[in-house]
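All values below were derived from every heavy atom in this structure, side-chain atoms included, with hydrogens, water molecules and symmetry-related copies excluded. Chain A is the first sequence line, chain B the second, and so forth, proteins listed ahead of strands; every chain is numbered from 1.
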Amino acid sequence: METTARGVSGRTLRPRGVRLTPSAATIAEQEFDMAWISVRDALAPSKTPVGTEVTIKGWVRTRRDSKAEGGLSFVHIHDGTCFDPIQAVCKGDLRNYGSEVAKLTTHCAVEVDGAIVQNPKGGNEVAAKAVRVIGWVEDPDHYPIQPKPHSFEYLREQMHLRVRTNTFGAVARVRHTLSMAMHRFFDQHGFFYVHTPIITASDCEGAGQMFRVSTLDMCNLPRRAGDEGSLKTHGDKLPGPAGTGAHPPHGAAIDFSKDFFGKEAHLTVSGQLNVETYCMALSRVYTFGPTFRAENSNTSRHLAEFWMIEPEIAFASLIDDARLAEDFIKFMIQTVLAERADDMKFFDERIEKGLLARLKDVMDKPFRHLPYTEAIKVLEQAIAKGQKFEYPVKWGTDLQSEHEKYLTEQHFKQPVVLMNYPKQIKAFYMRENDPGTDGAPGATVAAMDVLVPAVGEIIGGSQREERLDRLDGRIDEMGLPKREYWWYRDLRRYGTVPHAGFGLGFERAMMFLTGMQNVRDVIPFPRAPGQAEF
RNA sequence: UCCUCCAUAGCUCAAUGGUAGAGCGACCGGCUGUUAACCGGUAGGUUCUAGGUUCGAGUCCUAGUGGGGGAGCCA
């Protein structure tokens, strides 16, 4: 079919206004495709006035037919550049009207030439002069995506196609905008972007189960010399085929000196320890990258692979850290409201009623700061007034989901920054507070969690322990291998300064900003236990 | 990992242990500058898998697989 000549030629690369550089497109190319514009631009009267000759390229969303005027079809076309599709008005006198245009179904790929006209009800549309079908949808009866609401559960099984729906298109655009906004925020505030490693050869990050990285042959593992046949299991963590008889009995420790890195290696669970090293030279730094947790957790808030933003600031206290977190969250809200108004309007109308009001409220009010010790008192008072919790409230234990929800959703009805947690429930690197801080009955550390309504913990951070003797004390207390931390400890030996930072779950921020309720629906290809099909 | 609910047409869901149904979508036709279009018709099923109880199982029992929600862990 002659219609595919442009589509398969590989010459028409991008709409006008999206060229990489003047030299990236040849003169011939520019002339060849002068009229191609994005749906986003075509819909904007200021950019594309009535009468402009344009070419639209995209996918059919819906088609509606009329027999008036010898045939008339209204074809909605989207190309992902904005929330709304553009309507192409196709009349019966088109050469391929009966043979092709009237047979278009959802997600057929098309090119439409025509003039911009005004829709009787307002807004730009295209009066089609030519319609070229680039790619048909075979067997439309069984095409998984139909012009009707689908459940998110169903769309998770059609993950390769779900981005074509309005919801997931909006999620994808907001996710992009948020990524860009995040880099802009830190850049404007003097932070340097540090690429911390994905593979870590130290097992000392201490933030949960890790995925192993290895090039060893899992069916023929090297065993440590002299250990053959012994019953020692120490260090042998591979989920091997125990008891099959086809392999050495478990006991001979695996010889990781034969592995790629000469020692055990894993996927990172946090870039924090690495980024601290750069913080001690560049003052203000951040990482943004994938993070991996091999926890067998199956909830609407957890993924095995997720993206985390981790800023780290030198010469800073926990209060500075909390202020940064608040400024950052408010900047994110402000940016998506300003730059993705169309998508955010959709989320407000169809995903979470009142979303925009909720976000504006968060933006306008200062965050509530609350010491952990005070939070316990608030919860105890609530219990005294009849509030029922499944788990007991007791100083020294971590707050449960139900407790956090009570604080943010019922008691304060806004984001809450909880600070100064009991030392025994927090990580070794968090700075020990002076005794009696906040009137706490026990030792506390300068930790903070930012809790938001509907999502829960969105940020976890702390001021870091900069005093070597205290840090060593914590490492010993927790029974951690001090040798493994030699380079982290060095930071405290050579020019140590107070510093702080936090980790923000990017997908949790997405949930908070879009009102989407399952973390698997705000990342393109979610990885969770038993789920890596796509 | 624990608790709990679910699995029937392309999708969303009905069907007292007794003939497998509807809406939407697809296809055909009618009407209309339509826009969640509307009206009429047609096609579409190994009821998740494997066993079991029963004269008879979509329905009851057992096991498995897949999925949802909640909890823990956390971001």
Take atom [atom1] in [N] and the same atom in [M], then report the distance between them in whole Å.
| N | M | atom1 | answer |
| --- | --- | --- | --- |
| rU8(B) | rA15(B) | P | 14 Å |
| rG44(B) | rG10(B) | C1' | 9 Å |
| rC6(B) | rU59(B) | C1' | 15 Å |
| rU65(B) | rG56(B) | P | 30 Å |
| rC39(B) | rU34(B) | P | 16 Å |
| rU46(B) | rA7(B) | C1' | 16 Å |
| rU16(B) | rC74(B) | P | 47 Å |
| rA57(B) | rA14(B) | P | 23 Å |

Counting any heavy atom closer than 4.0 Å, what does [X] reach on the DNA or RNA strands: base, sugar-phosphate only, or nothing?
| X | result |
| --- | --- |
| K405(A) | sugar-phosphate |
| N518(A) | sugar-phosphate |
| V519(A) | nothing |
| T105(A) | sugar-phosphate |
| R350(A) | nothing |
| F152(A) | nothing |
| Q87(A) | base |
| S300(A) | sugar-phosphate |
| Y154(A) | sugar-phosphate |
| R301(A) | base |
| I458(A) | sugar-phosphate |
| E153(A) | sugar-phosphate |
| S151(A) | sugar-phosphate |
| E404(A) | nothing |

Ion pair [X]/[Y], N-O distance below 4.0 Å:
| X | Y | answer |
| --- | --- | --- |
| E457(A) | R508(A) | no |
| D342(A) | R173(A) | no |
| K413(A) | E409(A) | no |
| D320(A) | R323(A) | yes |
| D113(A) | K129(A) | no |
| E432(A) | R474(A) | no |

Is the distance between the ring centroids of Y391(A) and H403(A) less than 6.0 Å?
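Y391(A) vs H403(A): aromatic centres not under 6.0 Å.
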What pattern of brackets, bars and dots sums up RNA chain B from 5' to 3', given Watson-Crick or G-U wobble pairs under 3.5 Å, [ ] for crossing pairs and | for another strand?
(((((((..((((....[..)))).(((((.......))))).....(((((..]....))))))))))))....
Quick check on [N]: is either OP1 or OP2 less than 4.0 Å from any side-chain nitrogen or oxygen of [X]?
| X | N | result |
| --- | --- | --- |
| Q531(A) | rG67(B) | yes |
| S401(A) | rG72(B) | yes |
| R156(A) | rG68(B) | yes |
| R63(A) | rU35(B) | no |

Please determine, for the side chain of [X], which listed nucleotide ([options]) has the closest atom?
| X | options | value |
| --- | --- | --- |
| Q146(A) | rA75(B), rG72(B), rG10(B) | rG10(B) |
| K148(A) | rG25(B), rG67(B), rA26(B) | rG25(B) |
| H142(A) | rG10(B), rG33(B), rG25(B) | rG10(B) |
| D141(A) | rU35(B), rG69(B), rG25(B) | rG25(B) |

For atom CD of E402(A), decide whether the heavy atoms of other residues, nucleotides or ligands shown that lie under 6.0 angstrom number more than 12.
yes
Would you say CZ of R431(A) has more than 12 non-hydrogen atoms from neighbouring residues, nucleotides or ligands within 6.0 angstrom?
yes
Atom pair distance, as rounded to whole Å: [atom1] in [X] and [atom2] in [N]:
| X | N | atom1 | atom2 | answer |
| --- | --- | --- | --- | --- |
| K121(A) | rA36(B) | NZ | C1' | 13 Å |
| L155(A) | rG68(B) | CG | P | 12 Å |
| D398(A) | rA71(B) | CG | P | 14 Å |
| M159(A) | rG66(B) | CE | C1' | 14 Å |
| N166(A) | rU35(B) | CG | C1' | 14 Å |

State which residue, out of L43(A), V89(A), V50(A), fulfils the side chain to side chain contact (heavy atoms under 4.5 Å, CB included) condition with E125(A).
V89(A)
Looking at H302(A) and rC74(B), is any side-chain donor or acceptor paired with a base atom of the opposite kind under 3.5 Å?
yes
Would F506(A) count as stacking on rA75(B) if stacking means ring centres less than 5.5 angstrom apart and planes tilted under 30 degrees?
no
